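A short worksheet on the structure shown next.
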Amino acid sequence: MILLDAITKEYNDDGAVTHALRGISFEIKKGEFVAIMGASGSGKSTLLHILSFLDRPSRGDYFLDGKNINTLTDEELAATRNHTMGFVFQAFNLLGRSSVYENVELPLLYARVPSEQRKIMVEHAVLSVGLSEKMYAEAGKLSGGQKQRVAIARALVNNPSVIFADEPTGNLDSESGAHVMEILERLNNEEGHTVLLVTHETYTAEFANRILTLKDGQLESDIQVKVRRRSKEDFFK
Amino acid sequence: MYFTDLLKTSSRALRHAKMRSLLTILGIVIGIASVIVLVSIGKSAEALILDQVKGVGSNLIFVIPGATKGSRFASPPSVQGIIIKTLVKSDADALKRESTILNVAPEVRGQAKIVYENNDTSVTYTGTTEDFFQMRNFTVAEGFTFTRTDVDSLNRVAVLGSEIAHTLFGARNPVGKNVRLKNILFRVVGVLDKKGLGPFGVDQDNLVIIPLPIAQKQLLGIDHYNVINIQANDAYNIDFTKARVTSVLRQNHAITNPDKDDFTVRTQEDALSLLGNITSVLTLFLTSISCIALIVGGIGIMNIMLVSVVERTKEIGLRKALGATTRDILKQFLLEAVLLTTLGGIIGIVIGVLFVIGLYFILVNFSPTGWAFALPLSSVFIAFLVSTAIGILFGIYPARTAAAKSPIEALRYE
């Protein structure tokens, strides 16, 4: 599904070149739950941005479903991102003054889904994260855990093939973090979504079935998880 | 994104910052309201002035002593206070023989003190003939106007303007009473109906009209006229009559070279055209002032929109991450600006119209000048379009700034 071939990302800051990624190559198959780990500055966020089309590589090829994204225009990337990808951010990134419904509806607006169909899809997504009773509550007034569940509902509302989660438990207490990981695990396990998780926490990464570790912009390790955490109880072990 | 969804998204963003939105559109509200008010005042002034010119009479031609140099709107020297004696009785008599002319009323003017018992006031008096009243639309409220006999017999009779009558006599009827003008006794034979201001602000109620020969011989000691009023025969084209008047006077004054004319012939249309030009310039001037207010309002909108773009950087990043294209962001922010200015335009129109209605209520009820309500619908329509155009003009830069943001940097923005 995702194939990276010698991806390099450099930033030029007043003549000083920073190498964020140095020739990263790997493949992710449909339905995998992959955690990308690494210390701060290792390049994991840059990698996530490139994987999610928010940024373009300096060199190297990125194939999504067999298509080289270097050939796509910004408009085509935006459309592909809208139809194929869902996002969960550490800081939730909700529109605080808008309702849960309006937040979850956002990707569907840009996908030009008709309003009747949109309503069904939003209600289904909100129900799947257990927030139906908060459907018209102001997003900014929810608890951290609830906000992240809204973000997950927004990420899955257009039934994307990949969900990108950037430190999704980083701003949450253990209980809420566990709940969020349970939802992501269920989306992967039961609904077949590919999940790419960026985290620096090993116990969160172990919800994945594969862990990629970056160091100084290079892929340091690529390992399969032998014992996946599968439940809230596991989260606290 | 569908346009209806875009509209909802943009209006929701404005609703979420109600106070800021209201303050942002204040400049446009004031600008549009002032356009409505000033255009209305300009148009009303135009209508008022044109009514006043038409109220002077119909089919009128005025002959003024002295030639006009330069443009056809320039003033002859006599209007500027220079005494020119070229118009005399033989001119009036020659004009009376013209078939294109219905009536001729020569006119002289002077200033004097008018006295009745212990009351006195300064007044402009007009010496003229009996036809003057009908030609210039003067009607009497009390008594009569003087007759040809009064003019020919040098009778010392006077017709008072309503304001003079009130000043000297209060509520009493002046007809039959004697007033003293330059120490000469005149019997009041009539009081004119209230007429208000004439063209160029001449007070038509604050005057005394007396027979021409009396004014010439006994009050002013002159033989010439200040103006000859002519009523054209409407069976003829007014320009043809004007040409005939010019021809008769040139013949009478033995002028062969038109550059040597010692008189100026003006029609009401000339006056209307001149005043029309003045009022158009006035309206243009007032509208220009309002446009400055609108431009300032537009810059205010741009300013606040730019601040809003910076504040909403993260939202822009989020929208792009979720699939919004550069065009989607551009359209959203542009629509927000247009909604703001259009709303400002609508509020400005409502306030402007209410202000105009209030203003005319006061002017019509408490001012003697005879203002009439004039609010061209076209100005309301144009004001609405202008407010929308300002939204596009001043919203495009902030919208482009928003659309150009990189999603990564926008998402990182704190």
Side-chain angles (χ1 to χ4, degrees), chain A residues 9 11 20 45-46 48-50 52-56 72-99 101-115 117-118 138-140 151 154-158 160 164 166, chain B residues 1-22 24 307-336 339 399-414:
Chain A
K9 182 69 187 178
Y11 295 102
S45 288
T46 305
L48 185 79
H49 292 150
I50 288 174
S52 59
F53 299 173
L54 292 174
D55 206 352
R56 286 181 185 265
L72 301 180
T73 63
D74 284 349
E75 302 282 298
E76 287 168 331
L77 287 183
T80 309
R81 195 159 55 228
N82 178 256
H83 291 113
T84 324
M85 301 170 182
F87 291 89
V88 181
F89 301 96
Q90 179 177 1
F92 321 129
N93 285 358
L94 301 178
L95 303 178
R97 300 286 302 275
S98 298
S99 68
Y101 184 97
E102 288 160 356
N103 270 284
V104 176
E105 187 187 33
L106 263 180
L108 302 177
L109 294 177
Y110 295 112
R112 294 172 71 89
V113 176
S115 62
Q117 197 184 336
R118 227 157 51 207
E138 204 174 294
R154 184 182 63 194
L156 59 89
V157 69
N158 55 351
F164 293 99
D166 187 3
Chain B
M1 194 188 273
Y2 291 115
F3 182 74
T4 46
D5 293 326
L6 185 66
L7 196 62
K8 277 184 205 163
T9 303
S10 295
S11 56
R12 196 182 294 144
L14 298 179
R15 272 204 314 276
H16 286 165
K18 282 194 198 79
M19 183 54 80
R20 171 193 280 189
S21 300
L22 282 175
T24 307
V307 172
S308 171
V309 167
V310 172
E311 274 186 5
R312 291 162 65 192
T313 297
K314 203 152 191 162
E315 178 194 327
I316 295 164
L318 172 72
R319 288 181 183 275
K320 284 196 160 182
L322 298 182
T325 59
T326 300
R327 191 182 288 262
D328 285 326
I329 301 294
L330 181 82
K331 282 194 280 190
Q332 183 190 335
F333 278 83
L334 193 56
L335 188 61
E336 282 183 26
L339 283 178
R400 285 173 70 103
T401 308
K405 284 190 182 294
S406 137
I408 293 287
E409 283 166 23
L411 280 170
R412 279 194 192 130
Y413 184 82
E414 291 299 337

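All figures in this text were calculated on a predicted structure; none of them were measured in a lab. Just so it is clear: chains get the letters A, B, ... in the order the sequence lines come, proteins before strands, and each one is counted from 1.
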A:D74/B:R327 ion pair, N-O < 4.0 Å: no
Is there a side-chain contact between A:R118 and B:D5, using heavy atoms and a 4.5 Å cut-off? yes
If we ignore hydrogens and angles and just use 3.5 Å, is the side chain of B:T313 paired with the main-chain N or O of B:A410 as donor and acceptor? no
B:K320 side chain to B:T326 main-chain N or O, any donor-acceptor pair under 3.5 Å? no
Taking the basic N atoms (NZ, or NE/NH1/NH2) and the acidic carboxylate oxygens, is any pair closer than 4.0 Å for B:R319 and B:D328? no
Under 4.5 Å, heavy atom to heavy atom: which of residues 401-409 of chain B reach chain A? Give them by number, or say none. B:P407, B:I408
Donor-acceptor check, side chain of B:R12 to backbone of A:S98, threshold 3.5 angstrom: yes or no? no
Does any heavy atom of chain B fall under 4.5 Å from the side chain of A:F89, the backbone, both, or neither of them? side chain
Side chain from CB out, backbone as N, CA, C, O: work out which of these in A:R81 comes under 4.5 Å of a heavy atom of chain B, or both, or neither. side chain
For chain A, the option from B:T325, B:T4, B:L6 that forms the most heavy-atom pairs under 4.5 Å: B:T325
Pair B:R312 + B:E336: basic N to acidic O under 4.0 Å: yes
